[in-house]
Every structure is written in structure tokens, then in C-alpha cells.
A.B. asks: 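Dropping the structure in here first, questions after.
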Protein chains: 2
Amino acid sequence: MSIDSPTRATSSRTGAASTRAAPAAGVSPRHADGASAVPLYRELQRRLTRALSEGTWPPGAALPSESKLAQQHGVSIGTVRKAIDELVAGKILVRQQGRGTFVAAHTADRLLFHFFHVVPRSDGTSRAPAAAREMPRPMLRSFRRASAGAAVSRELGIERDAPILRIDNLLLLGGRAVIVDEISISAPLFPDLDRVRFEGRPGTIYGLYQADYGINVVRSSERLSAVACPAPIAKLLGLRAGQPVLRIRRIAYTYADRAVESRVSWVDTREHEYLSDLWKSDPDHER
Amino acid sequence: MSIDSPTRATSSRTGAASTRAAPAAGVSPRHADGASAVPLYRELQRRLTRALSEGTWPPGAALPSESKLAQQHGVSIGTVRKAIDELVAGKILVRQQGRGTFVAAHTADRLLFHFFHVVPRSDGTSRAPAAAREMPRPMLRSFRRASAGAAVSRELGIERDAPILRIDNLLLLGGRAVIVDEISISAPLFPDLDRVRFEGRPGTIYGLYQADYGINVVRSSERLSAVACPAPIAKLLGLRAGQPVLRIRRIAYTYADRAVESRVSWVDTREHEYLSDLWKSDPDHER
DNA sequence: TTCGATTTGTTCGTATGTATT
DNA sequence: TAATACATACGAACAAATCGA
């Protein structure tokens with residue numbers, strides 16, 4: 001414990017200098033003439049992202065330690081840290097003091113706080129500070145093969161009529177049907193994925209993408225509108241056709257901003273809301 | 001005024017020596033016994049935020065240079081940079097190489113990219129990459145004094161029935177009425193604000209808060225739901241009562257997470273959408 | 001339980017590059 | 001051109017958390 005810590009003898013002064021010398025195969029796009037001059041940490045960041053997208057370190061795995069990365073790429077630890085900083089901010093990597101740096105994995109928590117934005121309505125009476133979020137319970141309505149229409153082909157960057165998997169899910173919150181999800185993914189990206197395997201997944205859908213197909217969803221963009229509820233949807237949600245329903249069109253992306261899933265969600269907002277708390281705190285919400 | 005006294009002569013490093021004794025005015029919540037031990041950069045961050053909220057540097061103004069801040073607070077430049085890093089990430093400060101670090105001011109750009117999320121629908125045909133955003137044109141519908149109801153008083157942290165200003169705005173996009181805004185703000189916070197002054201503002205509403213009252217909105221949280229459009233709103237938006245409309249309840253915050261505005265927006269999403277692109281790129285989109 | 005090795009977190013300092021004025 | 005200010009990069013030392021022997 002040490003009551004206090006004198007130590008730190010004067011000593012050192014260092015001052016860089018000396019070496020520099022051998023970049024040793026490392027990162028080094030030092031400005032040659034007048035064009036590029038990309039910072040070292042950006043180049044390293046690019047390398048890390050590429051390695052990530054190539055599955056060098058699977059989700060949940062530890063990266064080499066900062067000092068190892070520094071050695072391997074011929075840069076200082078500070079530069080490694082700076083390269084990693086932004087990936088951590090983007091929830092792509094996770095640092096843990098004393099343990100290491102890990103590839104972010106899709107846990108229930110991550111789903112809830114990063115990709116799932118429907119929360120119980122906090123209108124009048126509620127004084128709950130954070131409105132304890134609840135994990136949605138999925139009920140598979142349909143799993144089938146289809147071909148990409150105009151919208152999906154454009155959103156996923158695949159050919160028109162290309163083979164896709166089309167999955168319809170009903171999500172229950174507090175025992176009530178609140179959301180209908182219509183998921184479209186490129187079939188070739190998910191070989192051998194069938195209804196049984198899909199339903200048998202141990203965790204979340206993004207966890208399945210990640211664990212079984214090495215596809216790590218790291219970002220999503222969503223476009224919302226209020227529309228009249230179509231009859232089939234209304235039936236599932238227990239409201240009348242034509243009543244207002246919140247429609248969400250989501251595109252989910254993996255590392256290099258590559259779109260991997262197109263999803264249309266229909267949300268019954270009579271007792272729930274879509275929360276767009278553009279990154280407040282998010283203080284890791286430790287246990 | 002004045003965050004602290006300069007002092008802490010440059011000289012030696014690491015304080016730490018023997019007698020804890022004099023922390024000498026600088027940042028230095030070094031672990032006293034077993035509780036706190038807040039990092040220096042956090043403490044400095046807290047000081048900067050407080051100075052910001054006290055109006056030490058008005059929006060648009062430059063902070064002292066990093067080296068000055070380092071001297072004044074008795075820490076190294078690296079620590080100052082780290083303290084500022086998060087404020088920059090949070091759009092509270094803006095760094096410009098060669099110029100300085102500035103308090104983020106409410107420009108049209110900032111409004112558009114940070115607080116205004118309604119964009120033209122990008123359904124079928126559109127192949128525009130970024131759907132050029134458009135500045136909404138406001139038309140004041142009503143400006144009056146009122147008293148806080150249950151919801152507003154709770155959201156703004158003021159007494160029930162406390163005096164508020166209630167402003168109703170109609171927003172035009174592409175010449176069409178698309179949004180109705182119902183704004184509630186605490187009257188004592190905005191002395192002498194009247195209809196003439198409000199309508200005569202040169203820029204955005206948040207720009208008015210900032211320039212005339214030193215209140216800098218830095219964050220907002222929004223809760224969305226699809227509801228049946230009330231008749232009065234429908235009339236303004238040119239749709240029929242009962243048709244689906246997107247309702248947004250927004251709370252806008254200034255520095256210390258203090259709520260300063262409660263706003264309910266009604267959005268006609270027949271030709272527009274709410275874009276929730278949870279922080280993608282945002283590459284400063286220079287000039 | 002203690003201890004030591006490992007790994008990230010914090011802080012310091014320096015040197016140099018680049019943009020602005 | 002010179003000064004100023006932020007940006008990048010390096011290196012060092014110590015703190016704190018973790019984990020296995």
C-alpha cells in the first residue's frame with residue numbers, strides 16, 4: 001500500500017535523440033515529398049483495422065500488448081496508444097487495465113447500450129433515473145430464402161435479385177409484443193445458416209454473426225419515420241391497421257464501413273419510446 | 001473569475017517529495033488515504049468545465065494556450081491535452097492547429113450536424129450520398145409567458161408552476177411546413193426576452209441563448225414516438241388529424257448537464273426522416 | 001496469502017513538424 | 001520572417017489492476 005511514495009529519484013532526463021535509426025520494417029510513411037505524410041498512428045490504426053477485418057483476432061480475443069505492438073511496428077508505445085484510442089472510443093476495442101486490449105464482443109450489455117434504443121416510456125409518473133433497460137425476448141416468425149429487392153440490394157451493396165436470407169422476428173418486452181423486425185442479410189455471407197441454427201443461437205443475433213461467421217457489427221445508422229401500421233404488422237403488435245407505428249430502417253456495418261444487414265423494425269410506441277441520447281456519459285456502467 | 005492563482009513555480013517535477021505538505025495551489029488531489037485519487041487530467045477537466053459554465057470564456061473565444069494552462073495549473077502539457085481531448089470529442093471545445101482552442105459556438109453547421117436530425121427521405125430513387133442537409137426556415141406562431149406543468153417542471157428542474165416562456169415555431173423545409181416546435185424555457189434564465197427580440201435574432205435559437213444569455217447548449221437527449229396527429233398540429237402540417245406523426249421530446253443541456261430547454265417537436269415524416277447516425281465519421285466537414 | 005510478472009493508466013518531459021498570424 | 005499554438009512522436013517512471021505461481 002505504501003503510505004506515500006517518495007521515490008522517483010531525480011535521475012533521467014532522456015530527451016529522445018540518439019537512435020531513430022532503424023524503422024525496421026515498421027510503419028513509416030514519413031513525408032517523402034509533398035503528398036501523403038500520414039501520421040504514424042493513423043497508419044497503425046489502418047493496419048489494426050485491416051487485421052481486425054481479416055479476423056486476425058476474433059471478437060473477445062486479446063490483442064498483443066501495447067509494448068509488443070510498438071515493437072512489431074517500430075513505433076513508440078505512445079503512438080500505439082493513440083492509434084488504439086479512437087478504436088476504443090468507437091467501441092471496436094476494449095481496454096482493461098492489468099488485463100489487456102480486447103476485440104469488442106457482442107454481449108447482452110453491448111446490444112442494450114449500443115444497438116437497442118427502445119426503452120419504456122418515461123412520461124409522467126416515472127421518476128426512475130435510468131429506466132432500467134430490458135433485454136427483448138425474440139420469437140421467430142419466419143426464416144426463408146429470398147432475393148434482394150431494390151432497396152436491400154442498394155443498402156447491402158449486392159446485385160439486384162442476389163440471394164438473401166429474410167428473417168422476421170417478433171420482440172417481446174415485459175411479456176408484450178412491441179417490435180417486429182424484418183431482417184435481410186446476404187446469403188453467401190452466412191453459409192449454412194438455417195432456421196434451426198438461427199433459433200439455436202445462444203446469444204444475440206449480432207453475437208451469432210460474430211461467433212459463427214466472424215462478422216462483427218460495430219456501427220449502425222437508423223432512419224425513423226411515423227407511418228400508418230400495415231395490417232399484418234398491426235396484427236402482431238395488437239393494434240389496429242392504420243394506427244401510428246414507428247418504422248426504423250437500420251443498416252448495420254462491420255469494420256471497413258461494410259454494410260452487412262438491412263433491417264426494418266416496426267415499433268409500437270404506446271408504452272415505449274426510441275431513445276436517442278447522443279452519447280451521454282456511458283460510464284462503462286460497471287457491474 | 002480566475003480559475004486559480006498561477007503559482008507552482010515551474011521547477012521540479014513530480015511534487016511528491018517527502019512531506020505532502022503544500023499542494024501549492026496546483027491541481028493535485030493525489031491520493032490522500034484511500035478514497036479519491038482522481039487523475040490530474042480529470043480534475044483539470046472539471047475545472048475547465050466549471051470555468052466554461054461560469055462564462056469565463058464566452059462561446060467562440062479562445063482558451064489560454066496549452067502551455068499557459070499547463071503553467072497555471074501546474075501540470076504538464078500532455079496532461080492538459082488529455083483533459084481537453086474529451087471536451088473536444090464532446091464538441092464542447094474546438095481545436096485548431098496554429099490558432100488555438102476555442103469554445104464551440106452555435107453556427108448553422110453545428111446546428112445542422114449536431115442538433116437537427118430531420119433529413120429528406122432517402123427511400124428508393126435517391127442515390128445522393130449525404131443527402132445535402134438544409135437549414136430549416138422558422139416561422140414564429142406564438143410567443144407567450146406561461147407556467148410550468150408537471151412534465152416541463154420535472155425536465156427543467158424547476159418548481160411546478162414556475163414561470164416559463166412558451167414558444168411555438170413552425171419549421172419549413174424546401175418551402176413546406178414539416179415540423180412544429182413547442183419550446184419551453186425557464187423565464188428567469190432569459191430576462192427581457194420577448195417576441196421582438198426573439199424574432200430579431202440573427203442566427204439560430206441556440207445561437208440566441210448563447211450570444212444574449214451566455215447559455216451554451218452542448219448536448220441533447222431525444223425520445224421519439226409515433227402518435228396520432230392532434231388536430232391543431234395537423235392543420236399546420238397539412239395533414240389530417242389522426243394521421244401518424246413523429247413526436248420528439250427533447251431536453252437540451254448546457255455544461256454541467258443542466259437542462260435549459262424542453263421541446264416537443266411534431267414531424268411530418270411523409271417526405272422526411274429522423275436520422276440517427278450514431279456518430280459516424282463526422283470528419284469536421286471543413287468549410 | 002503473498003509475491004512477482006504482466007499490462008494498461010497516468011504523468012512527466014523533450015523534440016520536432018505544421019498551420020496560423 | 002518570426003513567433004505562437006496545436007499535432008505528432010519518442011522515452012521514461014510510476015501507479016493500479018490482474019493473474020498465476
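The sequence lines fix the lettering, A, B, ..., with proteins before strands; numbering per chain opens at 1.
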A.B. asks: Determine the minimum heavy-atom distance between A:N216 and A:P59, stating which atoms define it.
C.D. replies: ND2-CG, 3.8 Å
A.B. asks: What residues, two or more places apart in sequence or in another chain, satisfy side-chain contact (heavy atoms from CB on, under 4.5 Å) together with A:P58?
C.D. replies: A:A61
A.B. asks: Is B:T79 close enough to C:dC12 that one of its side-chain N or O atoms is under 4.0 Å from OP1 or OP2 there?
C.D. replies: yes
A.B. asks: Nearest to the side chain of B:R95, which nucleotide is it out of D:dT8, C:dT10, D:dA7?
C.D. replies: D:dA7
A.B. asks: Under the rule for ring-ring contact (aromatic ring centres under 6.0 Å, His included), what residues qualify as partners of B:F102, not counting sequence neighbours?
C.D. replies: none
A.B. asks: Just the rounded figure in Å: distance from C1' of C:dT8 to CG of A:L87.
C.D. replies: 16 Å
A.B. asks: Using atom CZ of B:F102 as one end and atom C1' of D:dT4 as the other, report the distance to the nearest whole Å.
C.D. replies: 12 Å
A.B. asks: C:dT6 P sits how many Å from A:L69 CG, rounded?
C.D. replies: 17 Å
A.B. asks: Out of C:dG9, D:dA9, C:dG13, which nucleotide sits closest to the side chain of B:S76?
C.D. replies: C:dG13
A.B. asks: Across the strands shown, which category fits A:G78 at heavy-atom distances under 4.0 angstrom: base, sugar-phosphate, nothing?
C.D. replies: nothing
A.B. asks: Is C:dA15 paired to anything, Watson-Crick or G-U wobble with both distances less than 3.5 Å, and if yes, which nucleotide?
C.D. replies: D:dT8
A.B. asks: Between atom NE2 in B:H73 and atom P in C:dT10, what is the gap in whole Å?
C.D. replies: 19 Å
A.B. asks: Just to confirm, is there a sub-4.0 Å distance from OP1 or OP2 of D:dC6 to any side-chain nitrogen or oxygen of B:T101?
C.D. replies: yes
A.B. asks: List the residues meeting salt bridge (Lys or Arg N to Asp or Glu O under 4.0 Å) with A:R250, not counting sequence neighbours, and say none if there are none.
C.D. replies: A:E222
A.B. asks: Starting at atom CZ of B:R81, determine the distance to atom C1' of D:dA9, rounded to an integer number of angstrom.
C.D. replies: 12 Å
A.B. asks: Which pairs count as salt bridge (Lys or Arg N to Asp or Glu O under 4.0 Å) when at least one residue sits in residues 50-59 of chain A, sequence neighbours excluded?
C.D. replies: none
A.B. asks: Could you give all pairs that pass the salt bridge (Lys or Arg N to Asp or Glu O under 4.0 Å) test and reach residues 94-107 of chain B, with sequence neighbours left out?
C.D. replies: B:E66-B:R95, B:D85-B:R95
A.B. asks: Can you confirm whether the side chains of A:Y41 and A:E86 place a donor and an acceptor under 3.5 Å from each other?
C.D. replies: no
A.B. asks: So which protein nitrogen or oxygen atoms get under 3.5 Å of nucleotides 17-21 of chain D's nitrogens or oxygens?
C.D. replies:
| unit_1 | atom_1 | unit_2 | atom_2 | d |
| --- | --- | --- | --- | --- |
| D:dC19 | OP1 | A:R99 | NH1 | 3.1 |

A.B. asks: Scan residues 207-216 of chain A for pairs that pass salt bridge (Lys or Arg N to Asp or Glu O under 4.0 Å), counting only residues two or more places apart or in two chains.
C.D. replies: A:R197-A:D212
A.B. asks: Specify the separation, in whole Å, of atom CD1 of B:I77 and atom C1' of D:dA9.
C.D. replies: 14 Å
A.B. asks: Specify the residues of residues 55-68 of chain A, ordered by number, for which at least one heavy atom lies under 4.0 angstrom from an atom of DNA chain D.
C.D. replies: none
A.B. asks: CG of B:L40 versus C1' of D:dA13: gap in Å, rounded?
C.D. replies: 15 Å
A.B. asks: Among residues at least two apart in sequence or on other chains, which ones pass salt bridge (Lys or Arg N to Asp or Glu O under 4.0 Å) with B:R201?
C.D. replies: none
A.B. asks: Report the distance from atom NZ of A:K82 to atom P of C:dT8, rounded to the nearest whole Å.
C.D. replies: 19 Å
